[in-house]
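Have a look at the structure below, then the notes.
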Number of protein chains: 2
Amino acid sequence: MDTTKSAATRALVLETALAMFRSRGYAKTTMRAIAAEAGVSLGSAYYYFESKDQLVLELYRESVAEQHAGATAALDGATGLPDRLKAAIHAGLDALGPYHPFGGAFIASALPPQSSVNPFGEASRQARAEATAIFEDVVQGTKIPQFLRAQLPELLWLAYMGIVLFWVYDRSENQRRTRILVDGAAPLIGRLVSLSRLPVVKPLVEEALALKARVQA
Amino acid sequence: MDTTKSAATRALVLETALAMFRSRGYAKTTMRAIAAEAGVSLGSAYYYFESKDQLVLELYRESVAEQHAGATAALDGATGLPDRLKAAIHAGLDALGPYHPFGGAFIASALPPQSSVNPFGEASRQARAEATAIFEDVVQGTKIPQFLRAQLPELLWLAYMGIVLFWVYDRSENQRRTRILVDGAAPLIGRLVSLSRLPVVKPLVEEALALKARVQA
DNA sequence: AGGGAGAGTTGAACATGTTCAAAAAGGGTG
DNA sequence: CACCCTTTTTGAACATGTTCAACTCTCCCT
């Protein structure tokens, strides 16, 4: 069938591209090289992916899906916010691992607001929804103060984005420092959530949430 | 004198570039267009600036200097951490204002770790030192718990980087929402610093600082 | 079978950032 | 002034992302 063949070609180009990203890095993987390696013409590659950035978006999608799968498995045995948080974040870093060498180029094409790839934008809405869903799962089954519960998954996703940024800059072998950061930050976040019940702390958190709401509108 | 003439040419190219960035945006300002407008050859532009990114770095330097000047003036009458923080951050946003339309392209060239322009990297060490110095000034003359004092300026600078990221994505007219965020977040940070003295909160903050130290090494 | 519409493919062409070898200009020294 | 070394200038050349008009293929309708 036609649709199948077309999809196969598309998949071939994509897989070739991702494999070359991993083996040669982002800059060295030119569109011409991808096309040549996949055995199609340059124009064909562009027929399926409107830009090189689109290939990065696909990479992002795949990594989120992989994170979701890994997190779901790891969350199975984990109880308590800190441990569940660690599970989700480490799963994300595991999924991103092979692409660390060109993480810089990754965020360069991902962060510009007008980029179709940016994680806060329209094109990645679906991937973002899946990513925040992971943190919904993290929160499930833990005791969170009511006034904070609805907002927490999104806040955790934001924190995760920050960690990914740290990861991109992390030059220690195997991004060891990022792992240390995750293991250290997760318990702190857990304690912070607990503290947010205290009468001295609660108003502060409530105002922060209100500010977040005001600024998002 | 020779040095003077060379410096004048360099300055001419730079001023032309920054003016064109403001008037036409980043993408439309090609190196050829800069050279033509400045009345030099393409090669000459590259003689003075090894890449287009370098021009962005100069822009960053200039904006930090302008922020420093504006902040110093505004800090003169401001007392208390929240107000002083507002002064410094608003000065920064004022300096960046004209470049908002291409803020996305700005961070695209600035954030990649291997980029010579990235604000955490080597090339911008001087500009970063000046930027953290601004937040040293902010902290001066306010009452900060001893165990937090040394780290606070750098933390504030980091928070400021986060706000700039928000600003880049802010599509409200004149980035109104970013201003609201700043005005709302500054008092919260002030109260958070106060709270950090409490016996229930202090250990948490201390552990966070310890984690930061561990992860920077 | 014929033909036409749509899907898929192709490579040349274009704009742009960057490099580089060669030329020109300057400036000091004999 | 002649010579040489350094600084500055130049534009052609290159690689790459992207566009596009033309071409081929497939399959359905009559």
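Residue numbers begin at 1 in each chain, while the letters A, B, ... track the order of the sequences.
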For B:E154, give me all partners under salt bridge (charged side-chain N to carboxylate O under 4.0 Å, His left out), at least two apart in sequence or on another chain. B:K212

Under the salt bridge (charged side-chain N to carboxylate O under 4.0 Å, His left out) test, residues paired with B:R22 that sit two or more places apart: none

According to the salt bridge (Lys or Arg N to Asp or Glu O under 4.0 Å) rule, which pairs have a member within [range], sequence neighbours left out?
range	value
residues 176-185 of chain B	B:D94-B:R179, B:E173-B:R176
residues 98-109 of chain B	none
residues 23-51 of chain A	A:R24-A:E37

Please determine whether a side-chain nitrogen or oxygen atom of [X] lies at a distance below 4.0 Å from atom OP1 or OP2 of [N].
X	N	value
B:S41	D:dG11	no
A:S44	C:dG8	no
B:Y47	D:dT8	yes

Pairs touching residues 101-122 of chain A that satisfy ring pair (Phe, Tyr, Trp, His ring centres under 6.0 Å), sequence neighbours left out: A:F21-A:F102, A:Y26-A:F102, A:Y99-A:F102, A:F120-A:W157, A:F120-B:Y169

Rounding to 10°, can you tell me the angle the first-five-pair axis of the helix from C:dA1-D:dT30 to C:dG30-D:dC1 makes with its last-five-pair axis? 30°

If you look at every heavy atom in A:A74 and A:A87, which pair is closest and at what distance? CB-CB, 3.8 Å

How does protein reach along nucleotides 12-20 of chain D, written 5' to 3' as B (base within reach of a heavy atom under 4.0 Å), S (only sugar-phosphate), or - (no contact)? -B--BBBB-

Please list all pairs meeting side-chain hydrogen bond (donor to acceptor under 3.5 Å, both in side chains) that have one or both residues in residues 130-142 of chain A, counting only residues at least two apart or in different chains. A:H68-A:E130

Select base, sugar-phosphate, or nothing to describe what B:Y48 touches, counting heavy atoms under 4.0 Å on all strands. sugar-phosphate

